[in-house]
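Note that these values count all heavy atoms, side chains included, but never hydrogens, waters or copies made by symmetry.
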Amino acid sequence: MASNDKQRKLDGRYLRMAHIWAENSYCIRRKVGALVVKDKMIISDGYNGTPSGFENVCEDENNLTKSYVLHAEANAITKLARSSNNSEGATLYVTASPCIECAKLIIQAGIKRVVYGEKYRLDDGLRLLERAGIEVIYLNVETSETP
């Protein structure tokens, strides 16, 4: 099996795992999951939700997302700051494409690849990642091969 085929299968597996991780989110409008993988090891994970110690309610009475809800990528990256792990050269698997704010965090964290499974309505985050030389891969897990 070619190296690219192996990588694509691995990417599909980790992205499916990020989808499962998204199920932990208390958000109603959209559940997003993220995994940071380095050397075939998951070194961090995250899902969208409120900061530690806050109530697990993401939307207000008008069903709008509260301003302090953290995105899955931000949760995974900030979790790394509290660990002994290092994300330099890692891959981020995220169920939805990163926004511009998360793209900045991804760049600063030294992540070199981003694999995402759903296109967000804005693509400014993806454009910033590409400008920074980060490999960005869209992978539809529903059509990707399952081992």
Side-chain angles (χ1 to χ4, degrees), residues 1-54 56 58-59 65-147:
M1 181 184 304
S3 177
N4 277 350
D5 289 341
K6 283 184 182 179
Q7 186 60 57
R8 183 169 166 81
K9 280 189 180 229
L10 268 178
D11 287 344
R13 286 184 193 132
Y14 284 123
L15 192 53
R16 285 190 300 276
M17 291 170 71
H19 275 279
I20 292 167
W21 199 245
E23 294 172 15
N24 290 315
S25 173
Y26 289 91
C27 297
I28 296 167
R29 292 180 60 215
R30 170 179 276 166
K31 295 177 183 298
V32 179
L35 298 175
V36 180
V37 176
K38 185 174 180 179
D39 301 324
K40 296 184 183 177
M41 278 187 357
I42 297 169
I43 61 170
S44 191
D45 55 60
Y47 50 86
N48 56 328
T50 56
S52 298
F54 282 62
N56 288 322
C58 299
E59 293 85 9
T65 301
K66 293 180 179 178
S67 61
Y68 53 85
V69 168
L70 289 160
H71 290 184
E73 308 93 300
N75 264 328
I77 291 168
T78 55
K79 230 177 175 178
L80 281 166
R82 299 177 90 175
S83 76
S84 60
N85 287 316
N86 174 327
S87 57
E88 188 69 38
T91 298
L92 173 74
Y93 295 91
V94 62
T95 58
S97 60
C99 71
I100 190 83
E101 295 302 318
C102 288
K104 294 177 201 176
L105 292 174
I106 292 164
I107 294 164
Q108 291 301 94
I111 291 169
K112 294 300 176 204
R113 291 178 76 236
V114 174
V115 179
Y116 68 96
E118 177 188 328
K119 293 181 181 178
Y120 184 60
R121 62 182 170 81
L122 301 174
D123 68 349
D124 51 353
L126 294 175
R127 288 196 320 267
L128 184 64
L129 292 173
E130 289 169 348
R131 181 176 171 195
I134 294 171
E135 183 181 3
V136 177
I137 300 163
Y138 168 68
L139 184 61
N140 184 338
V141 291
E142 292 165 5
T143 60
S144 72
E145 200 175 310
T146 307

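- The heavy-atom pair separating Val69 from Cys58 by the smallest distance is CG2-O, 3.6 Å.
- Minimum interatomic distance between Tyr138 and Gly117 (heavy atoms only, all atoms of both residues): CE1-O, 3.6 Å.
- The distance from atom CD1 of Ile43 to atom CG of Leu80, rounded to the nearest 0.5 Å, is 5.0 Å.
- For Asn56, the CG atom counts as densely surrounded, since its 6.0 Å shell holds more than 12 non-hydrogen atoms of other residues, nucleotides or ligands.
- Annotation for Ala22 and Gly33: closest pair CB-N, 3.3 Å, computed over non-hydrogen atoms.
- Contact check for Leu139 versus Arg8: side-chain heavy atoms found under the 4.5 Å cut-off.
- At least one side-chain heavy atom of Tyr116 sits under 4.5 Å from a side-chain heavy atom of Leu126.
- Taking all atoms of both residues into account, the shortest heavy-atom contact from Arg113 to Val115 is NH2-CG2, 3.9 Å.
- Checked by atom type and distance alone, the side chain of Asn86 pairs as donor or acceptor with a backbone atom of Glu88 at under 3.5 Å.
- Considering OG of Ser44 and CG of Leu92, their distance stands at 9.5 Å, rounded to 0.5 Å.
- Residues Leu105 and Glu73 fail the side-chain proximity criterion, which asks for heavy atoms closer than 4.5 Å.
- Here the side chains of Thr95 and Glu118 are not in contact, with every heavy-atom distance at 4.5 Å or above.
- Formation of a donor-acceptor pair under 3.5 Å by the Ser25 side chain with backbone atoms of Val32 is not found in this model.
- With hydrogens and angles ignored, the 3.5 Å screen pairs no side-chain donor or acceptor of Ser87 with any backbone N or O of Ile111.
- Heavy-atom minimum distance, Ala109 versus Ile77: CB-CG2, 4.0 Å.
- Donor-acceptor pairing under 3.5 Å is recorded for the side chains of Asp11 and Tyr93.
- Counted within 6.0 Å of CD on Glu59, heavy atoms from surrounding residues, nucleotides or ligands total more than 12; the atom is thus considered enclosed.
- The backbone N or O of Arg30 lies less than 3.5 Å from a partner atom in the side chain of Asn48, making a donor-acceptor pair.
- The CG atom of Leu35 lies 5.0 Å from the CD1 atom of Ile42; values are rounded to the nearest 0.5 Å.
- With Lys104 contributing its side chain and Ile100 its backbone, the two residues share no donor-acceptor pair below 3.5 Å.
- Atoms OG1 and CG, from Thr50 and Leu70 in turn, are 8.0 Å apart once rounded to the nearest 0.5 Å.
- In this structure, CZ on Arg127 lies 9.0 Å from CG on Leu122, to the nearest 0.5 angstrom.
- Atom NZ in Lys9 sits 13.5 Å away from atom CG in Asn4 (nearest 0.5 Å).
- Scanning both residues, Pro98 and Ala103, for their nearest heavy atoms gives CB-N, 4.4 Å.
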